[in-house]
A.B. asks: 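Take a look at this one; I'll ask things after.
The chain is numbered in sequence order, starting from 1.
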Amino acid sequence: ALALLLAIVAPYQRRTELLVFALLGLAAWTLVEYLLHRFVLHGMQPFRAWHAEHHRRPRALIGTPTILSAALIAALVFLPVLVVSDLWRASALTFGLLTGYMVYAIVHHATHHWRAETAWLLRIKRHHALHHSPVTTGSRYGVTSALWDLVFRTNGPSLPHATS
């Protein structure tokens, strides 16, 4: 709905600005994802206990309902930006963040359920598998990107690549 609103109804003269806000929201998602995973899912109860179940059974379909996540993004992103800015910027930023969230949901599912047929997915799957490994506990919180693990030095120890 936000994509249609932005593509069809948004003022034509603001499209470049709104594209920048959408891209900013998309980029911001990677940091939001890292912070939520590290400090909420691995740090705060009851989320920590719920997330521990995902670590125990990584192939089980355990996760936050998308409608709840979308509602939280609306309440914590859309409404505050709307208050300090305008409808178009709030919609564009929220659209970018929601797009990042949807990419995360697909990528996370792929790390546990899909065969890696590209080098990129193989890297992502390996990074996330190391996050789930008891050998590298407390590292690799990024799912769609390892950037913030590098920035915050939570990339964990380097392990040798398996040979085939």
Side-chain angles (χ1 to χ4, degrees), residues 1-44 46-48 50-51 54-55 58 61-114 116 118-132 139-156:
L2 282 174
L4 288 174
L5 178 74
L6 291 165
I8 297 171
V9 183
Y12 183 79
Q13 64 275 19
R14 293 189 66 186
R15 294 223 169 130
T16 301
E17 171 197 4
L18 298 178
L19 176 61
V20 169
F21 269 78
L23 292 173
L24 180 64
L26 182 61
W29 169 257
T30 63
L31 179 59
V32 170
E33 169 195 306
Y34 174 89
L35 295 172
L36 285 173
H37 193 184
R38 181 176 180 186
F39 296 109
V40 176
L41 298 180
H42 282 271
M44 296 173 57
F47 308 103
R48 184 177 178 161
W50 296 340
H51 190 65
H54 166 64
H55 276 260
L61 298 176
I62 299 170
T64 307
T66 303
I67 192 71
L68 176 59
S69 297
L72 286 171
I73 289 171
L76 299 174
V77 177
F78 179 80
L79 291 176
V81 176
L82 181 62
V83 167
V84 300
S85 188
D86 63 28
L87 174 67
W88 299 115
R89 288 177 180 160
S91 296
L93 190 73
T94 303
F95 171 69
L97 206 74
L98 282 170
T99 301
Y101 171 68
M102 295 306 290
V103 168
Y104 155 79
I106 293 165
V107 168
H108 186 251
H109 182 80
T111 64
H112 292 292
H113 299 280
W114 294 1
T118 66
W120 175 81
L121 184 55
L122 186 60
R123 267 193 323 276
I124 295 286
K125 283 177 69 88
R126 184 174 189 272
H127 183 81
H128 195 62
L130 289 169
H131 170 73
H132 277 263
S139 68
R140 296 174 173 89
Y141 297 100
V143 175
T144 58
S145 169
L147 171 67
W148 300 109
D149 286 306
L150 294 170
V151 170
F152 295 117
R153 298 179 183 199
T154 55
N155 206 37

A.B. asks: Please round to the nearest 0.5 Å and tell me the distance separating atom CD of Q13 and atom OG1 of T16.
C.D. replies: 10.5 Å
A.B. asks: Using side chain to side chain contact (heavy atoms under 4.5 Å, CB included) as the criterion, list what pairs up with A105, not counting sequence neighbours.
C.D. replies: none
A.B. asks: Would you please name every residue forming a side chain to side chain contact (heavy atoms under 4.5 Å, CB included) with T118, sequence neighbours left out?
C.D. replies: W120, L121
A.B. asks: Test: salt bridge (charged side-chain N to carboxylate O under 4.0 Å, His left out). Region: residues 19-35. Which pairs qualify, not counting sequence neighbours?
C.D. replies: none
A.B. asks: How far apart are the closest heavy atoms of W88 and L5, and which atoms are they?
C.D. replies: CZ3-CG, 3.7 Å
A.B. asks: Does A7 offer a backbone N or O that forms a donor-acceptor pair with the side chain of R15 under 3.5 Å?
C.D. replies: yes
A.B. asks: When rounded to the nearest 0.5 angstrom, what is the spacing between CD1 in I73 and CG in L79?
C.D. replies: 12.5 Å
A.B. asks: Which residues pass the side chain to side chain contact (heavy atoms under 4.5 Å, CB included) test with L87, not counting sequence neighbours?
C.D. replies: F78, L82, S91
A.B. asks: Sequence neighbours left out, what pairs pass salt bridge (charged side-chain N to carboxylate O under 4.0 Å, His left out) with at least one residue falling in residues 84-97?
C.D. replies: R14-D86, E17-R89
A.B. asks: State which residues pass ring-ring contact (aromatic ring centres under 6.0 Å, His included) with H37; sequence neighbours excluded, sorted by chain then number.
C.D. replies: H42, H51, H131, Y141
A.B. asks: Rounded to the nearest 0.5 Å, how far apart are NE2 of H127 and OG1 of T144?
C.D. replies: 9.5 Å
A.B. asks: Tell me every residue that passes side chain to side chain donor-acceptor pair (under 3.5 Å) with W148, counting only those two or more places apart in sequence or in another chain.
C.D. replies: T30
A.B. asks: Which residue pairs pass the salt bridge (charged side-chain N to carboxylate O under 4.0 Å, His left out) test when at least one of the two sits in residues 99-110, sequence neighbours left out?
C.D. replies: none
A.B. asks: Could you grab the distance from atom OG1 of T111 to atom CG of L122, nearest 0.5 Å is fine?
C.D. replies: 12.0 Å
A.B. asks: Going by the rule side chain to side chain contact (heavy atoms under 4.5 Å, CB included), which residues pair with F39 if we only count those two or more places apart in sequence or in a different chain?
C.D. replies: L35
A.B. asks: Assign the ring pair W29 / Y104 to parallel, tilted or perpendicular, where the plane angle (0 to 90°) is split at 30° and 60°.
C.D. replies: tilted
A.B. asks: Just verifying a value: how many Å separate I124 CD1 and H108 NE2, rounded to the nearest 0.5 Å?
C.D. replies: 11.5 Å
A.B. asks: Can you give me the closest heavy-atom contact between R140 and L130, atom names plus distance?
C.D. replies: CD-CB, 3.4 Å
A.B. asks: What residues, two or more places apart in sequence or in another chain, satisfy side chain to side chain donor-acceptor pair (under 3.5 Å) together with T154?
C.D. replies: Y34, D149
A.B. asks: Distance from I67 atom CD1 to L72 atom CG, nearest 0.5 Å?
C.D. replies: 10.5 Å
A.B. asks: Pairs under 3.5 angstrom only: tabulate donor-acceptor contacts from the side chains of residues 94-103 to other protein residues two or more places apart or in another chain.
C.D. replies:
| residue | atom | partner | partner atom | Å |
| --- | --- | --- | --- | --- |
| T94 | OG1 | A90 | O | 2.7 |
| T99 | OG1 | F95 | O | 2.8 |
| Y101 | OH | S69 | OG | 3.1 |

A.B. asks: So which atom in P80 and which in A74 form the shortest heavy-atom distance, rounded to 0.1 Å?
C.D. replies: CD-O, 4.5 Å
A.B. asks: Over all heavy atoms of both residues, which pair between A110 and K125 is shortest? Give the atoms and the distance, please.
C.D. replies: O-NZ, 3.6 Å
